[in-house]
Protein chains: 2
Amino acid sequence: MPDNSGISAALVRLSFLVQRLYAQACSRHDLSPAQAQLMCVIKDQPRGMTELTHMLGLERPGLTGLADRIERRGLLRREVRPNDRRTVMVSLTRTGKKVTEAFYAEVTASLQGVVAHLPADERQQFEETAFSIIMAEQVPAIFGDFEAAGRSAV
Amino acid sequence: MPDNSGISAALVRLSFLVQRLYAQACSRHDLSPAQAQLMCVIKDQPRGMTELTHMLGLERPGLTGLADRIERRGLLRREVRPNDRRTVMVSLTRTGKKVTEAFYAEVTASLQGVVAHLPADERQQFEETAFSIIMAEQVPAIFGDFEAAGRSAV
DNA sequence: TATTGTTATACTCTATAACTATA
DNA sequence: TATAGTTATAGAGTATAACAATA
C-alpha cells in the first residue's frame with residue numbers, strides 16, 4: 001500500500017518503463033531514441049533549428065549533429081528559408097515520414113499494451129491526471145497528435 | 001478532452017518531464033543520469049555487476065565503464081567476493097552515500113512538486129495506478145525505498 | 001566448458017567555445 | 001551588434017567482439 005512519498009518512485013519507475021519500451025521500438029527501426037524523438041517532433045510539420053532546441057532541450061551544436069546523422073540516412077531534409085536566410089527549416093523526407101509513422105504506431109501500441117489490464121475508468125482517470133500534469137508543467141509536444149482538438153503544439 | 005489513444009502520448013510526455021527533472025537534479029550534484037541511476041540502485045545494498053546489468057538494462061562493458069567513472073570520483077567501491085572470486089560486489093563509499101541521499105531527496109521533492117497541484121484523492125489514485133503498471137510490468141527497483149513494506153527489490 | 005568481468009573499438013549523444021553568414 | 005547555424009573538441013554512454021580469470 002503506497003504511502004504519499006511513494007509517488008516519486010512511481011514516477012521514476014514508470015518513466016524508466018516508458019523509456020525502455022520507447023528504446024525497444026527505436027531498435028526495431030534502427031533509430032536511436034534521440035533520433036526518433038526529433039523525427040516525431042517534425043512528423044507533421046517542419047520546424048526551425050532553434051525552435052527544435054527549445055522543444056527537445058538541447059544546445060544547438062547537439063541538434064546540428066543529430067540532424068546530420070538522420071539526414072545522412074536520407075530520412076531528414078534541411079531547407080534554407082528565403083525570408084531569413086540564416087534560418088534552416090527541418091522536415092522529414094518521404095522515407096523519413098514512413099519510418100516515423102511506423103515507429104509512432106509501434107510505440108503507441110506498445111504503451112497501450114501496458115495499460116490494457118486496467119479497468120477502462122481507471123485508465124481514463126490516469127490519462128486525465130497525466131495530461132493535467134503535462135499541461136501544468138508545459139511539457140513540449142514531443143509525441144502525440146499535435147493537430148487534435150484542444151492539444152496544440154509547444 | 002483526451003480520447004483513448006492519447007494515453008500513449010501522455011505516457012511519453014510524462015516520461016520526458018520526469019527525465020528532465022531527474023537530469024536537473026543530476027546536474028546540481030555533478031552526476032550524469034546513468035551515474036545517478038546506478039548509485040540509487042546500490043544506495044541501500046551492494047550488488048553484483050551482472051545483477052546490475054539486469055536491473056539497469058545495460059550490457060556488461062557499459063556497466064564496467066559506468067562504475068569506473070563513479071569509482072574514479074571516489075563515490076563507489078568494488079570488492080571481490082571471497083566465495084566466488086570472479087564476482088565483484090559494488091557499493092557506495094561514505095561520500096557516495098551522502099551524495100546519493102542528497103540527490104535522492106531532491107528528486108523526490110522535485111517530483112512531489114509536480115503533483116502538488118492535484119487534489120489528494122486524485123494524486124493517490126494516480127500513484128496506485130502507476131504502481132499497478134510497474135508491478136504488472138516488473139519494472140526493476142531502480143528508485144524508491146526498497147525496504148518499504150510490500151515493495152521489495154527487483 | 002560456462003560464467004564473471006574487463007579491455008578494445010567504434011559510434012552516438014551532448015556540452016562549451018569559437019567561427020561564419022545573415023539581419 | 002544580435003541571431004541562426006555550424007565546426008571543433010572533448011567526455012560520457014553504450015554496443016559488439018575478444019580476452020582473462022575463476023568455477
Side-chain angles (χ1 to χ4, degrees), chain A residues 16 19-20 22-42 46-73 75-91 103 142, chain B residues 16 19-20 22-24 26-42 46-73 75-91 142:
Chain A
F16 187 83
Q19 298 300 311
R20 192 178 69 193
Y22 195 95
Q24 283 170 1
C26 286
S27 284
R28 291 193 288 272
H29 293 276
D30 201 26
L31 297 171
S32 72
Q35 289 168 4
Q37 207 156 46
L38 170 52
M39 291 169 74
C40 283
V41 169
I42 59 174
R47 304 264 187 185
M49 293 290 278
T50 296
E51 183 185 9
L52 288 170
T53 64
H54 297 321
M55 293 183 74
L56 297 173
L58 298 173
E59 296 302 320
R60 277 181 281 186
L63 182 60
T64 293
L66 185 56
D68 284 350
R69 289 183 290 273
I70 308 174
E71 190 176 30
R72 198 189 304 154
R73 291 180 46 187
L75 305 177
L76 176 151
R77 178 172 38 228
R78 276 187 251 225
E79 282 169 296
V80 175
R81 246 193 183 158
N83 320 19
D84 183 342
R85 306 208 352 185
R86 292 173 302 182
T87 73
V88 171
M89 296 302 282
V90 178
S91 57
F103 165 79
I142 51 154
Chain B
F16 188 83
Q19 298 300 311
R20 193 178 69 195
Y22 195 95
Q24 283 170 0
C26 285
S27 284
R28 290 193 289 272
H29 294 275
D30 200 27
L31 297 171
S32 70
Q35 288 166 5
Q37 208 157 47
L38 170 51
M39 291 169 75
C40 283
V41 169
I42 58 173
R47 303 265 190 185
M49 293 290 277
T50 297
E51 182 183 10
L52 288 169
T53 64
H54 296 323
M55 292 183 74
L56 297 173
L58 299 173
E59 295 301 322
R60 276 179 282 186
L63 181 60
T64 292
L66 184 56
D68 285 349
R69 289 183 289 273
I70 308 174
E71 189 176 31
R72 200 190 302 152
R73 291 181 46 187
L75 305 176
L76 176 150
R77 178 173 37 227
R78 276 187 251 225
E79 282 169 295
V80 175
R81 244 193 184 159
N83 319 20
D84 182 341
R85 305 203 357 177
R86 291 172 304 181
T87 74
V88 170
M89 295 302 283
V90 178
S91 57
I142 50 152

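Since the model is a prediction, treat every value here as computed from it, not as a measurement. So you know, we letter chains A, B, ... as the sequences are listed, proteins then strands, and number each from 1.
Rounded to whole Å, atom P of C:dT7 lies 10 Å from atom CE of B:Met49. The interatomic distance linking B:Arg86 (CZ) with D:dC19 (C1') rounds to 16 Å, in whole Å. Atom P of nucleotide D:dA12 and atom CG of B:Leu75 are separated by 13 Å, given to the nearest angstrom. Between B:Met89 atom CE and C:dT4 atom P the separation is 13 Å, expressed in whole Å. For the pair A:Arg81 CZ and C:dA21 C1', the computed distance is 17 Å after rounding to whole Å. At whole-Å resolution of the value, CG in B:Asn83 and P in D:dA21 are 21 Å apart. Separating the NE2 atom of A:His54 from the P atom of D:dA4 is a distance of 8 Å, rounded to the nearest angstrom. Residue B:Ile70 contributes atom CD1, which lies 18 Å from atom P of D:dG11 at whole-angstrom precision.
Scanning all heavy atoms of the two residues, the minimum distance from B:Met49 to B:Leu63 falls at O-CD2, 3.1 Å. When all heavy atoms are compared, the tightest approach of A:Ser91 to A:Glu79 is OG-OE1, 4.1 Å. When every heavy atom of B:Leu56 is checked against every heavy atom of B:Val41, the shortest pair comes out as CD2-CG2, 3.9 Å.
At least one side-chain nitrogen or oxygen of B:Thr50 sits closer than 4.0 Å to the OP1 or OP2 atom of C:dG5. OP1 or OP2 of C:dT6 has at least one side-chain nitrogen or oxygen of B:Arg78 nearer than 4.0 Å. Close to D:dG13, at under 4.0 Å from its OP1 or OP2, lies a side-chain N or O of B:Gln35. Here B:Arg85 reaches the OP1 or OP2 of D:dT22: one of its side-chain N or O atoms lies under 4.0 Å away.
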Taking N or O atoms only and anything under 3.5 Å, show me the protein contacts with nucleotides 14-16 of chain C, one pair per line.
| residue | atom | partner | partner atom | Å |
| --- | --- | --- | --- | --- |
| C:dA15 | OP2 | A:Glu59 | N | 3.0 |

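For B:Arg28, the CZ atom sits in a packed shell: over 12 heavy atoms of surrounding residues, nucleotides or ligands are nearer than 6.0 Å. Remark: B:Arg78 CZ is packed, more than 12 non-hydrogen atoms of other residues, nucleotides or ligands lying under 6.0 Å away. Annotation: B:Arg73, atom CZ; neighbour count of heavy atoms from other residues, nucleotides and ligands within 6.0 Å is above 12.
Between A:Asp84 and B:Asp68, the residue anchored nearer the 5' end of DNA chain C, judged by the nucleotide with its closest heavy atom, is B:Asp68.
Residues A:Thr50 and A:Thr87 are not in side-chain contact: their nearest non-hydrogen atoms beyond the backbone lie 4.5 Å or more apart.
The residue A:Thr87 sits close only to the backbone: its heavy atoms come under 4.0 Å of sugar-phosphate atoms, none of a base.
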